[in-house]
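Chain A is the first sequence line, chain B the second, and so forth, proteins listed ahead of strands; every chain is numbered from 1.
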2 protein chains.
Amino acid sequence: MAAVLQVRRESLQVLLWQRAQEPHARRWSLPGGRLRDDEDVEASIRRQLAEKVDVRKLAHVEQLAVFSAPDRVPGGRIVASAFLGLIPCDVDPEVPEDTAWYPVDNLPDTAFDHEAIVRRAQGRLRAKLSYTNLGFALAPPEFTISALRGLYSAALGYRVAATNLQRVLSRRGLLEPTGHTSPPGPSGGRPAALFRFTGHGMLVTDPFAVLRPPSKGSGVDVR
Amino acid sequence: MAAVLQVRRESLQVLLWQRAQEPHARRWSLPGGRLRDDEDVEASIRRQLAEKVDVRKLAHVEQLAVFSAPDRVPGGRIVASAFLGLIPCDVDPEVPEDTAWYPVDNLPDTAFDHEAIVRRAQGRLRAKLSYTNLGFALAPPEFTISALRGLYSAALGYRVAATNLQRVLSRRGLLEPTGHTSPPGPSGGRPAALFRFTGHGMLVTDPFAVLRPPSKGSGVDVR
DNA sequence: ACAAAAGTGTTTTTAATACACCCATGG
DNA sequence: CCATGGGTGTATTAAAAACACTTTTGT
C-alpha cells in the first residue's frame with residue numbers, strides 16, 4: 001500500500017485506483033499488492049507501483065507504518081505495510097485507465113482504511129519538509145524560488161514566504177544557483193534565477209529542534 | 001519484535017533474552033512472536049511482552065518500522081514489525097531467567113537484525129524527547145529536576161543542563177510542581193522541589209521546527 | 001561557617017519571521 | 001515610464017544555551 005504524492009496544479013494530490021472487484025468495488029484505493037518471498041517490503045511496493053507509474057519517476061520512497069486491525073479488510077485479515085512515495089512536479093507519468101489523481105484535501109470515497117494512510121503520508125511529508133531536504137523529491141531539477149514556494153505551500157497547506165524559504169534552505173546548504181535564469185511571464189517582471197537542490201537522497205538537516213547538545217565540549221561524553 | 005528501553009543506573013538499557021534454540025542459539029534477541037489473526041500488531045507485541053515483563057509498566061509503545069529482508073532470518077522469510085517500548089525508571093519489573101538488561105551502547109552478540117532495531121529505537125527516542133512530551137515515559141510519577149536531567153542525559157547521550165531542561169519543559173506547559181520536596185543527600189544541599197508531567201499519553205509539543213506557518217492571518221487558507 | 005546542591009536572574013547566541021526597499025524586465 | 005514580479009538588506013521576534021549569583025539545607 002503506497003500513498004504516492006505529487007504537487008499537481010497547485011495542490012497536493014495522491015494517486016488512486018478504482019477497485020473493480022468486491023469488497024469495496026468502485027471505491028478508490030491505494031496501489032499495493034502481496035509481498036513475495038524473495039523481496040522486502042520496499043522492493044515489493046516498488047514492484048506494485050511499477051504497474052501504475054514509471055517507478056523511475058519516484059524521487060523518494062519511505063515506510064509509514066503497519067496497518068493491521070483484524071477487521072480492516074472484510075473477509076480475512078490482511079496486514080498492510082504503508083508507504084509514502086513522492087514524484088517531482090515536472091513529470092506527468094502515464095497512468096492506467098482505472099487510476100486518477102485526487103487532491104488529498106478532497107478525497108473521493110476510499111476503500112478500507114486508505115484515507116487514514118493518506119493522512120499519515122500527508123503528515124509525514126509536512127513534518128519532513130521542515131527538518132529534512134525532502135523538497136528535492138517534489139521539485140524539478142531546476143526551479144525558481146517562487147515555483148519552489150508554490151510546491152511547499154501546496155504540500156504544507158499554508159502560504160510560505162519565498163524570501164524566508166530561500167534563506168532557510170540556503171543557510172542549510174541545500175540550495176545552489178544554476179547560473180541560469182527563467183524568462184518572465186507575459187506581464188513582465190524581472191527574470192528569476194534558477195536553483196537546484198545540492199543533493200539527492202534524503203538528509204536530515206535539523207535533527208534537534210530543541211534540547212540540542214551543548215556547543216562547548218567534545219560532546220562524546222554522557223551526563 | 002520490541003526494543004523495550006529503560007534508563008537504569010544512569011544508562012539507557014534494552015531488555016534482551018537469550019535464545020536457547022537454533023538459529024542463533026545463545027545470542028541475544030528482542031522479545032517478540034507471531035501475530036494472531038484476532039489482534040493487531042500492537043496488541044500482539046503487548047501480548048508477547050506480557051511474558052517478559054508486567055505490561056502495565058509500559059508507559060509508551062509505538063511502531064518503529066517493518067524489517068523484511070528475505071534473508072534477515074535463516075530458513076524462511078519472517079517479516080517483523082518492530083516496536084519501541086518505554087518503562088519508567090522507578091520500576092524494576094521481574095524478568096525471567098533468560099532475559100537481561102543491556103546498555104544500548106554496549107550490546108552483547110545479538111541475533112538477526114536486532115541490533116539495527118535497537119539503533120532505530122534509540123534514534124526514535126532521542127528525536128521524540130526533543131519535540132514531544134515523551135519524557136513522561138522515562139520518569140517516575142514525581143521527580144526532581146536533576147533526576148530528570150539524569151534521565152534525559154542518559155537517553156540522549158550527552159549532558160543536559162538542568163536549568164535549561166526545566167525552562168524548556170515548563171514553557172511548553174509539560175511540567176508542574178507537586179508542592180513536595182525531596183530531602184537532600186548525606187552531604188547536604190538544598191532540598192529539591194518535586195515535579196510531575198502534566199499529562200500522560202504522547203503529545204507533540206513542537207511540530208514545526210522551521211517553516212512554521214505565518215503568525216499573522218487565520219492560517220486556514222492555502223497560498 | 002562552610003560545603004553542597006537547588007534554583008533564579010540575566011546575558012548571549014542563534015535562527016527564524018516580517019517588512020521595507022531596490023532591481024530587471026515587458027509592454 | 002510604469003506595472004509586475006524578483007531579490008536584498010534590515011529589523012523584529014522567539015527560544016534556547018550559557019553563566020553568574022542567590023537560596024536552603026547538612027555537617
Side-chain angles (χ1 to χ4, degrees), chain A residues 129-131 135 142-150 152-153 156 158-195 205-219 223, chain B residues 129-132 135 142-150 152-153 156 158-195 205-217 219 223:
Chain A
L129 284 178
S130 262
Y131 69 90
E142 294 197 355
F143 46 82
T144 64
I145 295 299
S146 72
L148 192 66
R149 177 187 58 86
Y152 273 75
S153 296
L156 292 172
Y158 52 79
R159 189 172 192 79
V160 172
T163 162
N164 292 334
L165 178 64
Q166 175 175 17
R167 285 208 258 241
V168 167
L169 298 182
S170 295
R171 177 200 304 256
R172 296 181 180 176
L174 302 183
L175 239 41
E176 66 187 9
T178 63
H180 307 146
T181 57
S182 152
S187 55
R190 174 172 169 174
L194 289 171
F195 291 81
T205 57
D206 219 49
F208 297 99
V210 290
L211 297 178
R212 37 182 174 271
S215 49
K216 269 187 183 174
S218 57
R223 301 195 59 235
Chain B
L129 284 178
S130 263
Y131 69 91
T132 73
E142 293 196 359
F143 46 84
T144 65
I145 295 298
S146 74
L148 192 65
R149 178 188 60 85
Y152 274 75
S153 297
L156 292 172
Y158 53 78
R159 189 172 191 79
V160 172
T163 162
N164 293 334
L165 178 64
Q166 175 174 17
R167 286 206 257 240
V168 167
L169 297 182
S170 295
R171 180 201 299 259
R172 298 183 178 173
L174 302 183
L175 237 43
E176 66 186 10
T178 63
H180 308 143
T181 57
S182 151
S187 56
R190 175 170 168 174
L194 289 170
F195 292 81
T205 57
D206 220 50
F208 297 97
V210 290
L211 296 178
R212 38 181 172 271
S215 50
K216 268 188 182 175
R223 298 198 61 235

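Nearest-nucleotide mapping onto DNA chain D: of B:Gly185 and A:Arg190, the residue sitting toward the 5' end is A:Arg190. DNA chain C is contacted by both A:Ser187 and B:Ala192; B:Ala192 maps to the nucleotide lying nearer its 5′ end (nearest heavy atom per residue).
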- [ ] Decide side chain to side chain contact (heavy atoms under 4.5 Å, CB included) for B:Phe195 and B:Leu174; before the verdict, give the C-alpha distance in whole Å, the side-chain angles of both, and the deciding distance to 0.1 Å.
- [x] CA-CA 10 Å; B:Phe195 292 81; B:Leu174 302 183; over 6 Å; no
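Across all strands shown, A:Pro186 has heavy atoms under 4.0 Å from sugar-phosphate atoms exclusively, and none from any base. Among the protein residues, A:Ala193 comes within range of the sugar-phosphate backbone only, with heavy atoms under 4.0 Å from sugar or phosphate atoms but none that close to a base. In this structure, A:Thr144 reaches neither bases nor backbone, as no heavy-atom distance under 4.0 Å exists between it and the strands shown.
No side-chain donor-acceptor contact under 3.5 Å links B:Thr181 to the backbone of B:Ala192.
Residue B:Arg167 places a side-chain atom within donor-acceptor reach of the base of C:dT10, judged by atom type and a 3.5 Å distance cut-off alone.
Distance B:Arg172 CZ to D:dA14 C1': 13 Å, rounded to the nearest Å. The distance from atom CG of A:Leu156 to atom C1' of C:dT17 is 15 Å, rounded to the nearest whole Å. Between the CG atom of B:Leu169 and the P atom of C:dG7 there is a distance of 14 Å, rounded to whole Å. Atom CG of B:Asn164 and atom C1' of C:dT14 are 14 Å apart (whole Å). Taking atom CD on B:Gln166 and atom C1' on D:dA17, their separation rounds to 15 Å, with Å as the unit. C:dA15 atom P lies 9 Å from atom CG of A:Asp206, rounded to whole Å. Across the protein-nucleic acid pair, B:Leu148 atom CG and C:dA6 atom P stand 13 Å apart, rounded to whole Å. In this entry the distance linking CZ of A:Phe195 with P of D:dG6 reads 12 Å, nearest Å.
Contact annotation: B:Thr163 side-chain N/O to C:dG7 OP1/OP2 distance is not under 4.0 Å. In terms of phosphate contacts, A:Arg171 brings a side-chain nitrogen or oxygen within less than 4.0 Å of OP1 or OP2 of C:dA15.
Screening B:Thr163, B:Leu169, B:Val168 for a side-chain contact (heavy atoms from CB on, under 4.5 Å) involving B:Leu165 leaves a single residue, B:Leu169.
Taking both residues in full, the closest heavy atoms of A:Arg172 and A:Tyr131 are given as NH1-CA, 4.4 Å, listed atom of the first, atom of the second, then distance. Taking every heavy atom of both residues into account, B:Gly189 and B:Pro184 meet most closely at O-CB, 3.0 Å.
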